[in-house]
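Below: one structure, written as structure tokens.
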Amino acid sequence: MLLNRVESALMNNPVRAAIQRRFEARRLLRMGGPMRGGRALEIGCGRGVGTELILDVFGAQAVDAFDLDPRMVALARRRLRERAPRVRQWVGDASAIAAPDARYDAVFDFGIVHHVPDWRRALAEVHRVLKPGGRFYAEEVLAAFILHPVTRRLLEHPLEDRFDEDAFAAGLEAAGLVPVATDRLWRGFAWFVADKPRSAAAG
Ligand SMILES: C[S@@+](CC[C@H](N)C(=O)[O-])C[C@H]1O[C@@H](n2cnc3c(N)ncnc32)[C@H](O)[C@@H]1O
């Protein structure tokens, strides 16, 4: 689901970028460690701040990134044009990721899976495109925030079948991903690191 005008303004400004850089990415880095090379995918890349962090903070060699909103992809392309050889962007849907199986060493989700109506399918897609042994880093917004009366008035999210921390962790496991670290802020926000097992037997 695309962002409404209020959320678009909340996402596309320097304060949001600073929070993502100083707080969210650092927390995921502490939980899951760096990549040290390899190819990453960012789902729902917005205007491209996350892609910069995946390159500069997590140490990916290359990042593919997509977003459902063509305007976001245009902003991300402009922001990242000097990184062109290492970055590729497209308009796409996390429910049907346009990438082959076992393509990526890591997948990053900076607050987008809660925008996907069939979020379990998005997690299954993350599992499909990860290499065996690959890592999923996710920062997510939980049902308590999405369904709060004030948030419901201001923002637009799918409202059916939203997840709390436990339901998201169960969704990761149902998709075949093994949670290795979780963290939470209030009842509204959570961070997850989960791995795709190296072999079916290991899972
Ligand atoms: C809350 S914003 C986060 C954007 C960016 N990751 C950030 O942290 O600034 C959610 C983003 O997910 C995108 N989005 C929503 N549904 C999507 C889907 N099914 N597939 C891919 N992107 C989606 C929206 O267009 C928006 O850019």
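Numbers here are sequence positions counted from 1. In listed order, ligands and their atoms are each counted from 1. As the structure is a prediction and not an experimental result, all values here were calculated from the model.
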If the threshold is 4.0 Å, N to carboxylate O, is there a salt bridge linking [X] and [Y]?
| X | Y | result |
| --- | --- | --- |
| Asp105 | Arg39 | no |
| Arg83 | Asp56 | yes |
| Arg47 | Asp67 | no |
| Arg128 | Glu125 | yes |
| Arg21 | Glu52 | yes |

Starting from [atom], which protein heavy atom do you reach first, and at what distance in Å?
| atom | answer |
| --- | --- |
| atom 8 (O) of ligand 1 | Arg16 NH2, 2.4 Å |
| atom 3 (C) of ligand 1 | Phe110 O, 3.6 Å |
| atom 15 (C) of ligand 1 | Met1 O, 3.1 Å |
| atom 12 (O) of ligand 1 | Ile112 CB, 3.5 Å |

Donor-acceptor contact present, side-chain Glu140 to main-chain Val113, <3.5 Å: yes
Flag, side chain of Trp90 to backbone of Val73, donor-acceptor distance under 3.5 Å: no
Ring centres under 6.0 angstrom apart (Phe136, Phe192): no
Trp191 ring center near Phe23 ring center (under 6.0 Å): yes
Candidate with minimal heavy-atom separation from [atom], of [options]:
| atom | options | answer |
| --- | --- | --- |
| atom 10 (C) of ligand 1 | Pro70, Pro117, Gly111, Pro158 | Gly111 |
| atom 25 (O) of ligand 1 | Leu68, Asp67, Ile19, Val49 | Asp67 |
| atom 4 (C) of ligand 1 | Gly44, Gly48, Ala122 | Gly44 |

If you measure from each heavy atom of [X] to ligand 1, is any distance below 4.0 Å?
| X | answer |
| --- | --- |
| Ile43 | no |
| Gly92 | yes |
| Asp93 | yes |

Ser95 N/O under 3.5 Å from ligand 1 N/O: no
Ala94, any N or O under 3.5 Å of ligand 1 N or O: yes
For Val116, the ligand 1 atoms whose distance to one of its heavy atoms is below 4.0 Å: 19 (N)
Per-atom contacts of ligand 1 with Met72, taking only distances under 4.0 Å to non-hydrogen atoms: 27 (O)
Gln20 contact mode with ligand 1 (heavy-atom cut-off under 4.0 Å): side chain
Interatomic spacing from CG in Asp183 to CE in Met31 - rounded to 0.5 Å: 5.5 Å
